[in-house]
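Structure record follows, encoded as structure tokens.
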Amino acid sequence: GAAGAAGGSNRLAKVLKSNARPLVLDAAAAEQYVRATEASHLQYQRLLSVLPRTRYHLVFYEQLTSATKGPDAWSLIAAFLLGQRAAAHAKVPSSTLRRVHPGSCIQKISNWAEVRRVLNGTLSNQACEW
């Protein structure tokens with residue numbers, strides 16, 4: 001069940017080496033990568049918005065695993081998929097909302113202040129704040 005899945009993700013997080021050591025990112029390379037990736041995502045969103053009878057709801061992993069944003073994100077997903085009335089009765093077990101990589105950007109990226117400055121205004125920077 002959910003407890004087993006949560007235990008599996010905890011075990012996985014312990015063995016992932018990236019969880020144990022801080023990263024130092026080349027800020028210029030990070031900015032180039034993030035802005036190119038987000039531009040590609042924006043093109044895809046625009047395509048979806050012009051297709052007839054295509055509805056979509058954009059959700060980020062960081063929203064779903066955020067202690068403050070997670071419950072609202074799950075409620076919006078339920079409303080999108082089930083409709084408002086049915087969504088009012090939908091329940092999401094909190095044990096399924098665990099991050100595989102614990103820690104925030106500020107905890108994991110040694111030069112976060114520099115990277116944050118160049119990523120200002122991006123969705124990726126916003127996601128790091130969730």
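Remark: R35 pairs with E31 by the side-chain hydrogen bond (donor to acceptor under 3.5 Å, both in side chains) rule, at least two apart or across chains. Residues satisfying the side-chain hydrogen bond (donor to acceptor under 3.5 Å, both in side chains) test with Q45, not counting sequence neighbours, are none. Listed by chain and number, the residues in a side-chain hydrogen bond (donor to acceptor under 3.5 Å, both in side chains) with N111 are E114 (sequence neighbours excluded). Qualifying ring pair (Phe, Tyr, Trp, His ring centres under 6.0 Å) partners for Y44, counting only residues two or more places apart in sequence or in other chains: none. In terms of the side-chain hydrogen bond (donor to acceptor under 3.5 Å, both in side chains) criterion, Q32 has no residue partners (sequence neighbours excluded).
Using a 4.5 Å cut-off between side-chain heavy atoms of Ile, Leu, Val, Met, Phe, Trp and Tyr, with links allowed through other members, W112 and V34 fall into the same hydrophobic cluster. Clustering ILVMFWY residues whenever any of their side-chain heavy atoms sit less than 4.5 angstrom apart, transitively, puts L82 in the very cluster that holds F80. Put simply, L76 and F60 are part of two different groups of oily side chains (I, L, V, M, F, W, Y) that touch within less than 4.5 Å, one to the next.
Minimum interatomic distance between I77 and H57 (heavy atoms only, all atoms of both residues): CG1-CD2, 4.1 Å. The two atoms that bring A27 and V118 nearest to each other are O-CG2, 3.5 Å, heavy atoms only.
For the pair Q107 (side chain) and S104 (backbone), a donor-acceptor distance under 3.5 Å is present.
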Which side-chain N or O atoms in residues 121-128 pair as donor and acceptor under 3.5 Å with protein atoms at least two apart or in another chain?
unit_1: T122; atom_1: OG1; unit_2: L119; atom_2: O; d: 2.6
unit_1: T122; atom_1: OG1; unit_2: N125; atom_2: N; d: 3.0
unit_1: S124; atom_1: OG; unit_2: E38; atom_2: OE2; d: 2.8

